[in-house]
Protein chains: 2
Amino acid sequence: MRKGEETRAKILDAAEISVLAKGFGATSIDELIAETGITKSGFFYHFRDKNELAKALLERYVENDERIYDEIFSRARELADDPLQAFLLGLKLLSELLSDLPNGHPGCLVAVICSHERAFDRDIQEINRQAALMWRRRFGAMFRDIMQVYRPREPLDVDQLADMVSTVIEGGIILSKALKEPKNLPAQLLVFRTFIRLLFQPAAS
Amino acid sequence: MRKGEETRAKILDAAEISVLAKGFGATSIDELIAETGITKSGFFYHFRDKNELAKALLERYVENDERIYDEIFSRARELADDPLQAFLLGLKLLSELLSDLPNGHPGCLVAVICSHERAFDRDIQEINRQAALMWRRRFGAMFRDIMQVYRPREPLDVDQLADMVSTVIEGGIILSKALKEPKNLPAQLLVFRTFIRLLFQPAAS
DNA sequence: GCGAAAACTGTACCGACGGTAGGGAAACGG
DNA sequence: CCGTTTCCCTACCGTCGGTACAGTTTTCGC
């Protein structure tokens, strides 16, 4: 029972690394069982097929992602009383965390799934959608808090502003990879941070 | 000679649609030859292997991409004398163009390659990198023009600002797909446009 | 410590796919 | 009409995802 989850986790660990590096199609089951020291039958005991592996992988990834955001922004909230300052601090903390990853961000599974779209069933696409909606809700709540204190210099839709956070992160991951400049993602986050500061900065200079 | 290029183009057309929809791994050669009415030998006459197909696909995609940007921003430049106004207009035109696509942006091949990274050889990764660098140069030049006339309200690195354009586009494509909201990408572009307007807006209101 | 369930192993097999090899044949251009 | 380009045909190989199923070990609750 607990042993089973351990093996399952080992498979998922190996799969995540490989999928983020090579894509889902190029990640073979044979390769995963070789790395985890399990047999093919053992693999299919845990996952009915490759699609279920993808599903489990994505679910785990999204959970972990949420946990990291929870940690960072709750810590930022503790350190700053003002909602705007807390958000700006959160972005900074996130940028620093990403900057400390030696090889840059390994890649976002949500984006990988998007690039493969029709290769997966609706279950997976729905998990993906829910993940993006969670981001929207999370950052949307923060912007609503900010707007109770500060008036934006330009009227902007809260949801679109919240989506912009995810957009910059996802886009930053891709650009970092394409350019082979791991520092690009944290840098982009800081540029976005400047935009937010500008947006809520009082009109008088 | 011309017949050959025609067939080649037909293969690339089918491949591009399929790759953007399902990813590269899930796009089978058998499927491509069925759609183009060619035989397997015929396919391998045009492309030594799947990797060369990817390379040709990416090269064609990047060229087309550049052409579209050229058109939009040169038209914007004709309509507006001021570099800032021209850029803002260009973003608006781009947003409208993306908004008119009935099923949303089909996906960016550069991003797909990034998600598959290690599955491709260095040639392809280099083409990808050069494409991202071209974007940086293109938008960097625009921002430099703008900065000769306007002083940004916050000091920002020109390259990072230029990368932000690509970041928003790539991130917007992913978010649009994840959320299944095709209008998300053009909306994000307009949010970014607001940020740029804010950045270069004179301090006095 | 025992029995049942959980967690595997082993073997044999299947179809689809990427790719190779090589011998052609139609189409076209000069 | 000759040669190159462009493609077809057949046969084959290894890998991969997946199935089937019987057998074995490990683990855990009682």
Side-chain angles (χ1 to χ4, degrees), chain A residues 1-58 60 112-113 115-121 123-124, chain B residues 1-58 60 112-113 115-121 123-124:
Chain A
M1 271 179 177
R2 230 187 29 260
K3 177 78 186 307
E5 281 168 30
E6 209 175 279
T7 306
R8 213 181 130 95
K10 269 208 311 202
I11 297 173
L12 288 173
D13 285 341
E16 185 168 323
I17 293 170
S18 185
V19 167
L20 289 178
K22 304 189 297 185
F24 199 75
T27 298
S28 74
I29 294 176
D30 284 0
E31 168 198 340
L32 296 179
I33 67 178
E35 244 167 86
T36 52
I38 211 178
T39 60
K40 209 167 183 177
S41 318
F43 175 89
F44 284 107
Y45 171 77
H46 287 287
F47 305 98
R48 201 180 310 126
D49 50 30
K50 226 184 167 189
N51 194 78
E52 220 183 57
L53 171 69
K55 195 170 154 189
L57 212 55
L58 182 59
R60 202 181 69 147
V112 171
I113 303 281
S115 307
H116 291 192
E117 229 181 350
R118 302 219 177 280
F120 297 107
D121 61 15
D123 259 18
I124 290 188
Chain B
M1 270 184 176
R2 225 184 37 257
K3 178 78 185 308
E5 280 168 32
E6 210 176 280
T7 307
R8 212 181 130 94
K10 268 208 311 203
I11 296 173
L12 288 174
D13 285 340
E16 185 168 323
I17 293 170
S18 184
V19 167
L20 288 178
K22 304 189 298 184
F24 200 75
T27 298
S28 74
I29 294 175
D30 284 0
E31 167 197 340
L32 296 179
I33 67 179
E35 245 167 85
T36 53
I38 212 178
T39 60
K40 209 165 183 177
S41 317
F43 175 89
F44 283 107
Y45 169 78
H46 288 287
F47 305 98
R48 202 179 311 125
D49 51 30
K50 227 185 166 188
N51 194 77
E52 220 183 57
L53 171 68
K55 195 171 155 186
L57 212 55
L58 182 59
R60 202 181 69 147
V112 171
I113 303 280
S115 307
H116 291 191
E117 230 182 351
R118 301 221 178 280
F120 297 106
D121 62 15
D123 259 18
I124 291 187

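These numbers were taken from a predicted model, which means no experiment stands behind them.
Between the CD1 atom of I33(A) and the P atom of dA7(C) there is a distance of 19 Å, given to the nearest Å. When rounded to the nearest whole Å, the span between CZ of R48(B) and C1' of dG19(C) equals 13 Å. Straight-line distance from the CD atom of E5(A) to the C1' atom of dC8(C): 16 Å, rounded to whole Å. In this structure, the CD1 atom of I11(B) is 11 Å from the C1' atom of dT6(D), given to the nearest Å.
In this structure, H116(B) and F120(B) have parallel ring planes: the angle between them is below the 30° cut-off, well short of the 60° mark.
Residues H46(A) and I38(A) are in side-chain contact: their nearest non-hydrogen atoms beyond the backbone lie under 4.5 Å apart. Within the 4.5 Å cutoff, side-chain heavy atoms of F47(A) are placed close to those of R8(A). Counting heavy atoms from C-beta on, the side chains of L53(A) and L12(A) come closer than 4.5 Å.
Note on H46(B): a side-chain N or O is less than 4.0 Å away from OP1 or OP2 of dC7(D).
A salt bridge links R60(B) with D13(B): the closest approach of a Lys/Arg side-chain nitrogen to an acidic carboxylate oxygen falls below 4.0 angstrom.
Atom CG of residue D121(A) and atom CD of residue E52(A) lie 9.5 Å apart, to the nearest 0.5 angstrom.
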Sequence-aligned protein contact record of nucleotides 9-18 of chain C, with B where the base is within under 4.0 Å of a protein heavy atom and S where only the sugar-phosphate is:
BBB-----SB
